[in-house]
Asks: 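A single structure is presented below for examination.
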There are 2 protein chains.
Amino acid sequence: MPDLRPGLQHLYLRDEDLRLGIELLFYAYRDFTAEPDRMLEEIGFGRAHHRAIYFVGRYPGINVGELLAILRITKQSLSRVLGELVRKGYILQRQGTSDRRQRRLELTEQGAALERKLSENQRRRIAAAYRAAGPAAVEGFRRVMLGLIDERDRRKVAAEPAKTPPLAAKQRA
Amino acid sequence: MPDLRPGLQHLYLRDEDLRLGIELLFYAYRDFTAEPDRMLEEIGFGRAHHRAIYFVGRYPGINVGELLAILRITKQSLSRVLGELVRKGYILQRQGTSDRRQRRLELTEQGAALERKLSENQRRRIAAAYRAAGPAAVEGFRRVMLGLIDERDRRKVAAEPAKTPPLAAKQRA
DNA sequence: GCATATATGTCAACAACACTGACATATTCG
DNA sequence: CGAATATGTCAGTGTTGTTGACATATATGC
């Protein structure tokens with residue numbers, strides 16, 4: 001576990017340093033999403049479908065409210081995408097046991113296959129960037145990226161998947 | 001200038017490491033764009049306007065084709081946004097001197113003011129993340145982010161603004 | 001147990017932003 | 001001069017987001 005305490009260094013930041021940061025985010029995100037977008041288009045889906053499939057795969061049994069909190073979109077927007085994914089057999093909904101109002105979501109085998117296919121290029125891209133940059137750079141990347149995320153979500157993102165059973169603590173907006 | 005040669009380390013990458021990378025990009029981008037989006041909404045603009053204003057400010061005198069190559073959208077999409085920005089006095093177009101078919105774009109004073117206002121939050125967010133993570137982490141962040149960007153754009157992104165007068169070398173797709 | 005709150009879903013209308021395809025104009029280049 | 005290039009425009013379409021209103025099932029508090 002790395003030391004995550006804030007550095008509080010007197011880092012001198014020029015305007016160009018900040019601009020570069022802005023641009024790195026723009027270009028990296030642009031290129032990171034391009035290939036999955038192309039694959040999605042072929043099967044009549046969009047980026048929103050990818051997001052839903054990804055996070056349902058990441059948190060099997062996640063309920064709708066939790067997914068909405070991650071995506072930060074309205075339930076109407078999610079509903080369209082989710083309904084399509086359910087109808088076409090990529091996701092299935094089961095009534096919650098402790099709270100039967102909830103719909104717990106999980107991927108079907110077909111859904112898991114699509115998720116793997118879509119993320120494959122992204123994983124390859126990340127693996128290549130990590131390998132080229134080296135372990136120390138990866139650690140720095142993580143620290144900065146976590147710092148860019150809204151404080152209230154940092155813990156959740158940083159937590160290991162195994163340590164995050166069914167999104168135990170739900171944080172409200 | 002840091003050593004940017006590929007490390008070729010035998011970095012052991014677990015599935016969770018790659019998943020975390022994917023998620024860091026999703027969450028960071030989500031939160032990085034949220035506030036500018038809110039401000040844009042108030043004046044009837046969207047994220048596409050921000051991008052156009054940003055890159056015209058970044059490369060004063062950029063022409064339409066170069067801007068299209070950065071944004072990776074169609075000219076019809078850009079045209080709508082750009083036309084609005086011109087009509088409302090944020091951007092002005094001047095005929096190119098060496099090639100008079102070109103429209104060289106630049107921000108008006110109003111445009112520059114909007115750009116500063118929109119980017120202010122993003123700069124603050126980046127500065128805070130950089131300061132909290134420390135200089136070594138920032139260097140690692142840059143290396144990994146550059147590695148995520150399509151190879152053909154890495155040089156351009158990494159170049160200092162001052163060293164990049166009017167997008168000297170145009171790289172075609 | 002009843003009233004209220006919560007989790008979810010649905011219908012309808014709308015806006016932003018991307019796309020394709022077709023066509024037009026001005027300018028440059030061989 | 002003819003072809004290629006830079007740009008612009010018109011028209012139609014699809015995805016993804018929004019707001020607002022309303023419905024149902026279930027849980028929770030008094």
Side-chain angles (χ1 to χ4, degrees), chain A residues 29-30 33-34 36-53 61-88 91-105 166-167 170 172-173, chain B residues 26 29-30 33-34 36-53 61-87 91-105 166-167 170 172-173:
Chain A
Y29 201 76
R30 180 196 70 174
T33 50
D37 282 358
R38 274 192 294 273
M39 297 192 298
L40 287 155
E41 201 187 358
E42 289 173 15
I43 52 175
F45 285 163
R47 197 180 290 180
H49 299 85
H50 188 186
R51 290 188 187 129
I53 284 187
I62 189 174
N63 65 46
V64 175
E66 290 165 340
L67 189 50
L68 285 174
I70 289 174
L71 300 175
R72 303 249 179 104
I73 58 176
T74 58
K75 66 175 174 179
Q76 294 93 324
S77 291
L78 178 58
S79 163
R80 212 181 321 135
V81 166
L82 211 48
E84 244 180 298
L85 289 169
V86 169
R87 273 197 307 281
K88 296 189 177 170
I91 285 180
L92 49 86
Q93 300 173 310
R94 287 188 311 187
Q95 195 172 47
T97 47
S98 60
D99 184 339
R100 288 181 308 178
R101 292 170 302 181
Q102 295 179 348
R103 307 296 156 95
R104 312 290 299 271
L105 308 169
L167 274 187
K170 43 183 155 183
R172 202 79 43 237
Chain B
F26 167 76
Y29 201 76
R30 180 196 69 175
T33 51
D37 282 358
R38 272 192 293 274
M39 296 193 299
L40 287 155
E41 203 188 356
E42 290 172 14
I43 53 175
F45 285 162
R47 197 179 290 181
H49 300 83
H50 188 186
R51 289 189 187 128
I53 284 187
I62 189 174
N63 64 47
V64 174
E66 290 165 339
L67 188 50
L68 285 174
I70 289 174
L71 300 175
R72 301 250 179 105
I73 59 176
T74 59
K75 66 175 173 178
Q76 295 93 326
S77 291
L78 178 58
S79 161
R80 209 180 329 128
V81 166
L82 210 49
E84 245 180 298
L85 289 169
V86 169
R87 274 196 307 280
I91 285 180
L92 49 88
Q93 300 173 308
R94 286 188 311 186
Q95 195 172 46
T97 48
S98 58
D99 184 338
R100 288 180 308 177
R101 292 171 302 180
Q102 295 180 348
R103 307 299 155 93
R104 313 288 300 270
L105 307 170
L167 274 187
K170 42 184 157 183
R172 200 78 47 240

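To find a chain, count down the sequence lines: A is the first, B the second, and so on, and within it residues start at 1.
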Asks: Spell out, as yes or no, whether a donor-acceptor pair under 3.5 Å connects the side chain of B:Ser77 to the backbone of B:Ile73.
Replies: no
Asks: Could you check how far CD of A:Gln102 sits from P of C:dG9, rounded to whole Å?
Replies: 11 Å
Asks: Near DNA chain D, counting only heavy atoms under 4.0 Å, which residues of residues 41-50 of chain B show up?
Replies: none
Asks: How close or far is atom P of D:dT7 from atom CZ of B:Arg80, stated in whole angstroms?
Replies: 18 Å
Asks: Going by heavy atoms in the side chains, are B:Thr33 and A:Tyr29 under 4.5 Å from each other?
Replies: no
Asks: Rounded to whole Å, please give me the gap between CG in A:Leu71 and C1' in D:dT15.
Replies: 15 Å
Asks: Determine: side-chain N/O of B:Ser79 to OP1/OP2 of D:dG8, distance under 4.0 Å, yes or no.
Replies: no
Asks: Atom CG of B:Leu40 and atom P of D:dG17: how far apart are they, to the nearest Å?
Replies: 17 Å
Asks: Look at the side chain of B:Gln76 against the base of C:dG21 and say whether a donor-acceptor pair falls under 3.5 Å; ignore hydrogens and angles.
Replies: yes
Asks: Decide yes or no for B:Leu85 and B:His49: does some side-chain heavy atom of the first lie under 4.5 Å from some side-chain heavy atom of the second?
Replies: yes
Asks: Would you mind reading off the distance between A:Ile91 atom CD1 and C:dG9 atom P, rounded to a whole angstrom?
Replies: 11 Å
Asks: Less than 4.5 Å apart, side chain to side chain, heavy atoms only: is that true for B:Leu105 and B:Val86?
Replies: no
Asks: Is there a side-chain contact between A:Phe45 and A:Glu84 (heavy atoms, below 4.5 Å)?
Replies: yes
Asks: What's the closest nucleotide to the side chain of B:Ser77 if the choices are D:dG8, C:dC19, C:dG9?
Replies: C:dC19
Asks: Check this one for me: any side-chain N or O of A:Thr74 less than 4.0 Å away from OP1 or OP2 of D:dT18?
Replies: yes
Asks: CG of B:Leu68 versus P of D:dA6: gap in Å, rounded?
Replies: 11 Å
Asks: Can you tell me the distance, in whole Å, between the CG atom of A:Leu85 and the P atom of C:dG9?
Replies: 13 Å
Asks: One character per nucleotide, please: for nucleotides 23-30 of chain D, 5' to 3', B when the base has a protein heavy atom closer than 4.0 Å, S when only the sugar-phosphate does, - otherwise.
Replies: --BBS---
Asks: So, the side chain of A:Gln102 versus the backbone of A:Gly96: is there a donor-acceptor pair under 3.5 Å, distance only?
Replies: no
Asks: Would you mind reading off the distance between B:Ile62 atom CD1 and D:dA6 atom P, rounded to a whole angstrom?
Replies: 14 Å
Asks: Does A:Arg51 have a side-chain nitrogen or oxygen under 4.0 Å from the phosphate oxygens OP1 or OP2 of D:dG17?
Replies: yes
Asks: Can you spot which of B:Arg47, B:Arg51, B:Arg30 makes a salt bridge (Lys or Arg N to Asp or Glu O under 4.0 Å) with B:Asp37?
Replies: B:Arg47
Asks: Kindly indicate whether the side chain of B:Thr74, heavy atoms from C-beta on, has any atom under 4.5 Å from the side chain of B:Leu78.
Replies: no
Asks: Taking side chain as C-beta onward, heavy atoms only, is B:Arg104 less than 4.5 Å from B:Ile62?
Replies: no
Asks: Quick one: label B:Gln93 by what it contacts on the DNA or RNA (base, sugar-phosphate, nothing), any heavy atom closer than 4.0 Å.
Replies: sugar-phosphate
